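Take a look at the structure below.
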Amino acid sequence: MDKKQKKSEKRSISYAKWGYIFIIPFFIVYAIFTLYPQILTVYNSFFEYYRDGLNVIGPNFVGLGNYAKLFTPNLSGYIPIVKYTINTFILWVLGAVPQFVIAMLLALFFTSTRLNIKGQQFFKTVIYMPNLIMASAFSMLFFAMFSKVGPVNQIIMASGWADEAIDFLAMKVTVRSLIALMNFLMWFGNTTILLMAGIQGIDESLFESARLDGSSSTQVFFHITMPLLMPIFIYVFITSMIGGIQMFDVPQVLTNGIGTPNNTSMTLIMYLNTFLGISKNYGMAGAVSVLLFIMTAILSTFVFKTISKK
Amino acid sequence: MKKLLSALLAVLMVISLAACTKPVDPEPTPAEEGKVFNLWTWNDEFWGFLVKYYADEKIDDFTVKKGDVTIKRTTYVSDNMAYQDALDAALLAQETAAADDKVDMFLAEADYIIKYVDSSVTMDVKSIGVTDFSNTYKYTVQAATDSKGVVKGVSFQCCPAALIYRRSIAKAVLGTDDPAEVQAKLNSWDAFDAVAAQAKELGYNMIATPMDTYRVFSNNVTSAWVENGKLVFDANIQAWMEQAEKYVAEGYAANASGVWDAEKTNEMFATGKSMCFFGPAWYFNFCMGNAQDPEKGCYGDWAICQGPQAHFWGGTWMLAATGTDNPTMVADIMNTFINNADVCEKLVRDEAQFSNNQVVNNKLAADATYGNAFLGGQNDVAIFAELAKNIKMEHVTPYDQGCNEGLQKYFQEFLKGEVDKDTALANFKDFIKTAYPSITVE
């Protein structure tokens, strides 16, 4: 009896030990490649530290100087980081709203036992495909397609819809729409698959009993599907938002790096890249990153709190 | 642990000592040099010449063999400073890089060459055996000379730029396509404006885009982009902005696209309505592919003349990287492309280059049998030889690429009617302020 107890004690201790050992690699990788750079970024944001040609200036401690600079209005009279935050938000919403709506509809169609759509695997693969293309390549493709001499304009001119070629890449509305369209195309498949997984996780008997009780599809959606899907939906929403805040490659390539026209499609990360690109300005870029981090944290907490309350 | 550390340190010391003793070796034999030669470029123009006129054997698009040395090319595009970014990182890590990974030679353009020349990342080429610059054009040596008078590299080309015009359109507008007569009618900006109005009446465009005339103005500035740490708009840059505005408003320019945009290069097809382009010898070869298109192009329908103002555009310099383990080959390549008359002549005859060898160029300029088929048989070398005399490389700063490209990009938004002029300039200034923290912008 005594021996047995000892044995089982030993065993449980050694199991715990192995558990920790197995998660060590993750924490090592995380500490080296994520945590350390993050701390360094915060640290750098308090320094004047950049390159002038091949000469390194700094690091000189400037306290909150970099943050003060970020909130100083520029020569055009606005505070760049505020304008670019609004741009980023608009670009994200334009792409994300249709993305959620379409993805939700598709997920409902695909999982509905009443519709029972054939060839689901095929459709799922197809809608996921745009995500496999590198974002910059996708953007380059759109750049070529929608240029003034590109195929889209050729079609428009040939069919007589317009007398002159439309400069899609020079107008605020079209540039923003194209960026939103690309983000939508790239991500709606991914969202569909996640939401489908969520819906399939809901107990089928709930749907059945609701139907037997005579509730309509709308009622089923709002009273059964949506509440039970909430955890997954919050996850999808927050990851999409974080992805939106980090939007970079699509607008960068499409607008030649300057957010045409008049900086209206300049996103926060593109702004960060302007600091980092030529002069390797780790101080200012660090300050932008820290602000982004704070912003993401606040928004995520806010979204999580408000949605999960319901 | 301590033991391990001390052992490691001891090993490192021995290695570094051994490394130190090497150069002191009284008889350095060529065999001691590296077997891998790393060349950094932003496109494949020079690489093509190296493969044809220097290498023994081509392995693939990025590797060739010369003797027992493998020459490797590392290429990054120059858009958005990608090339300089990657190159800077490599040069700053040069000391610690393995011998076979060290940058041996890299190419730099006129816009930013000063950044590398005035720095310890490049080395004195006279010390490794490039000593004879008597045949080259003086400005090409000046451009690669640092503030102490040390020459850090050479150029394989000289880039006087000419006005390149469509013969058929010139005939329609001016009644002649003879280079001397065309030049007489386009020898100042006022004359140029007058012809532009004429061309428009006949349904042609004087130029494809105002970005094309930018270099003509920017090369003739009397002040640098940055003077005493401050951003300065030279009178000539302002003159360009005025011309650009006028040419787009009046329809003298076909569009307001960028220098490299398809919208502009499509104007080089036979169907194009634009009369004048600007560029040096490398421009025909490298950037006028549409004009040379066998079906849609207009090969032979071109000619060159000096144009309203002398200028140059670009030019590629080969710079010797400090810390190279192949100094002999660095010198050999440089000497080949400036002093080997045979190679230089081939560059002119077969590659449409204007070589950096005055003897070769002058010989071809005087050769009545030489003519460039693309230019309808015109002897372009004769015109370039004349133009080359006037090139000055003055008022350069390490910020030129950002300023030149930035101004064109932001001013383009104004030309396309998206923003007003003040906003465009403010956006440009804000960009410079963000990109170059050391420049004061007002």
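Because the structure is predicted, anything quoted here is derived from the model rather than measured. So you know, we letter chains A, B, ... as the sequences are listed, proteins then strands, and number each from 1.
When side chains are defined from C-beta on, B/Leu92 counts as touching A/Arg51, because their heavy atoms get closer than 4.5 Å. Contact check for A/Ile258 versus B/Phe428: no side-chain heavy atoms found under the 4.5 Å cut-off. Contact check for B/Glu413 versus A/Thr260: side-chain heavy atoms found under the 4.5 Å cut-off. Between B/Asp85 and A/Lys280, the closest side-chain pair of non-hydrogen atoms falls below 4.5 Å. Contact check for B/Tyr399 versus A/Ile278: no side-chain heavy atoms found under the 4.5 Å cut-off.
Contacts of A/Tyr78 with chain B are made by side-chain atoms alone, with heavy-atom separations under 4.5 Å and no backbone atom involved. If you measure heavy-atom distances from A/Glu48 to chain B, you find no contacts under 4.5 Å at all. For a residue to count as touching a neighbouring chain, one of its non-hydrogen atoms must lie under 4.5 Å from one of that chain's; by this rule A/Tyr50 touches chain B with the side chain only.
Counting only distance, with no hydrogens or angles, the side chain of A/Ser279 and the backbone of B/Ala435 share a donor-acceptor pair below 3.5 Å.
With A/Asn256 as the partner, the side chain to side chain contact (heavy atoms under 4.5 Å, CB included) test is satisfied by one option alone out of B/Gln412, B/Glu405, B/Lys409: B/Lys409.
Shown here for A/Ala170 and B/Lys416, the closest heavy-atom pair between the two residues is CB-CD, 4.1 Å. Here the closest heavy-atom approach between residue A/Leu75 and residue B/Asp430 is recorded as N-OD1, 3.0 Å.
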**OP:** Show the numbers, then the answer: is there a side chain to side chain donor-acceptor pair (under 3.5 Å) between A/Ser147 and B/Asp261?
**Re:** CA-CA 9 Å; A/Ser147 95; B/Asp261 287 359; over 6 Å; no
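Note that CG of A/Leu54 is 8.0 Å distant from OG of B/Ser120, once rounded to the nearest 0.5 Å.
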